[in-house]
2 protein chains.
Amino acid sequence: MTMSKTVPLFLSVSAADPRSITRQITDGIRVAIASGKLPVGAQLPSVRGLALQLTINPKTVANAYGELESEGWLHARQGLGLFVAAPRQRLSRPERDRRLAVAVQAFTSEVIGLDYPLEHILDRVSAKLTPLLNKRSA
Amino acid sequence: MTMSKTVPLFLSVSAADPRSITRQITDGIRVAIASGKLPVGAQLPSVRGLALQLTINPKTVANAYGELESEGWLHARQGLGLFVAAPRQRLSRPERDRRLAVAVQAFTSEVIGLDYPLEHILDRVSAKLTPLLNKRSA
DNA sequence: CCTACCGTACCACTACACATGGTACAGACG
DNA sequence: CGTCTGTACCATGTGTAGTGGTACGGTAGG
């Protein structure tokens with residue numbers, strides 16, 4: 001009965017990418033949802049379908065989907081499929097704070113010594129982040 | 001002949017830290033050098049000494065030191081020890097650009113969906129990064 | 001009802017990175 | 001020479017990522 005239009009092939013995984021396959025999937029879908037390319041209620045490719053499309057293991061896709069569901073991005077319905085969830089926050093405040101702190105820590109460690117001015121670094125972050133924030137009705 | 005004062009115990013590794021041991025060491029030393037706690041020419045603990053102090057394997061310490069040397073932070077002298085190198089850039093411009101892009105990409109993927117305003121995120125990055133930049137005589 | 005598709009849960013296996021343990025060699029120094 | 005330094009090699013254990021196959025319950029349409 002649910003008449004959400006199925007999503008075309010919008011993802012791709014690369015062996016050259018240093019990120020794990022699971023991570024490439026979760027990152028890609030997160031960006032697609034945050035940027036509005038995937039509206040609320042849109043149906044995602046099935047676990048087996050996406051696995052077939054990307055020529056990877058269904059278990060790997062299921063792991064990625066599972067992580068996205070635990071973060072509140074997706075809503076899985078047994079027998080129906082996976083859908084983009086309404087913007088809600090499944091992560092507790094302390095957990096979000098912790099994740100931000102870890103991310104900032106990791107980022108700073110990476111860019112120290114690259115010899116870029118602070119302003120340039122902030123601009124790059126801002127440019128990448130701006131189109132991905134506040135695109136959804138929170 | 002080289003009379004650089006040896007550094008006291010300034011590092012610690014934790015199993016609770018999600019980062020690998022090698023990464024904890026490299027991050028810690030990078031910050032110590034960038035912030036000025038370790039001046040140019042200062043001698044670092046020996047591979048075996050630091051391994052003993054942290055109760056880890058000397059090979060792990062050597063790996064961390066090797067990475068820091070390839071990035072230009074340290075200068076290894078066979079039979080003498082490891083010293084904080086003068087600020088120079090061992091990484092090519094394209095390599096630095098690539099690393100910045102990768103770091104920004106990873107960071108944005110982490111903070112999307114945490115539901116923090118852009119300004120707050122930039123403030124956190126700025127706060128963490130400011131005391132670590134331009135502290136060395138470039 | 002029955003078949004086909006959905007998410008999900010097992011199991012076993014391979015591949016790889018990380019860390020460890022030990023041994024060994026070349027350079028620097030007193 | 002003895003002892004410190006960095007460095008290189010060997011083998012081993014361990015945890016994670018990814019694969020491959022099988023199986024169960026829920027949902028839909030003929």
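Proteins get letters first, then strands, A, B, ... in listed order; numbering begins at 1 in each.
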Looking at the base of D:dG6, is there any donor atom on it, or on the side chain of B:R48, that sits under 3.5 Å from an acceptor on the other one?
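Counting by modelled atom types and ignoring angles, a donor-acceptor contact under 3.5 Å is found here.
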Which nucleotide sits closest to the side chain of A:L80: C:dA28, D:dT27, D:dT19?
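The closest nucleotide is D:dT27.
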If you only use heavy atoms from C-beta on, which nucleotide in D:dG20, D:dT27, C:dA24 is closest to the side chain of A:N57?
D:dG20
Non-neighbouring partners of A:Y65 that pass ring-ring contact (aromatic ring centres under 6.0 Å, His included), sequence neighbours left out:
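Result, ring-ring contact (aromatic ring centres under 6.0 Å, His included) vs A:Y65: none returned.
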Sequence neighbours left out, what passes side chain to side chain contact (heavy atoms under 4.5 Å, CB included) with A:A106? Give chain and number order.
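Checked A:A106 against side chain to side chain contact (heavy atoms under 4.5 Å, CB included); zero matches.
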Return the set of residues passing side chain to side chain contact (heavy atoms under 4.5 Å, CB included) with A:A62 (not counting sequence neighbours), or none when no residue passes.
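Counting only residues at least two positions away or on another chain, A:A62 forms a side chain to side chain contact (heavy atoms under 4.5 Å, CB included) with A:V47.
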Which residues within residues 16-26 of chain B lie with some heavy atom under 4.0 Å of an atom in DNA chain D?
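Those residues: none at all.
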For DNA chain D, the residues among residues 58-71 of chain A that have a non-hydrogen atom under 4.0 Å from it
A:K59, A:T60
Under the side-chain hydrogen bond (donor to acceptor under 3.5 Å, both in side chains) test, which residues partner A:N63, sequence neighbours left out?
none
Tell me, please, which residues at least two apart from A:E95 pass side-chain hydrogen bond (donor to acceptor under 3.5 Å, both in side chains).
A:R98, A:R99
Close N/O contacts between protein and nucleotides 15-17 of chain C (under 3.5 Å):
none

How long is the span from the CZ atom in B:R88 to the CG atom in A:D115, to the nearest 0.5 Å?
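Going from CZ on B:R88 over to CG on A:D115, the span is 13.5 Å.
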Side chain to side chain contact (heavy atoms under 4.5 Å, CB included) partner of B:I29, the single match among B:L82, B:V84, B:L11:
B:L11
Take the protein atom [atom1] of [X] and the nucleotide atom [atom2] of [N], then report the distance between them rounded to whole Å.
X	N	atom1	atom2	result
A:L44	C:dG7	CG	P	9 Å
A:L74	C:dC6	CG	C1'	15 Å
A:I56	D:dG18	CD1	C1'	9 Å

Throw together a table of side-chain donor-acceptor distances under 3.5 angstrom for residues 121-128 of chain B, partners on residues two or more places apart or in other chains.
unit_1: B:K128; atom_1: NZ; unit_2: A:Q105; atom_2: OE1; d: 3.4

Sequence neighbours excluded - salt bridge (Lys or Arg N to Asp or Glu O under 4.0 Å) pairs with any residue from residues 14-29 of chain A
A:D17-A:R19, A:R19-A:D27, A:R23-A:D27, A:R23-B:E110, A:D27-A:R30
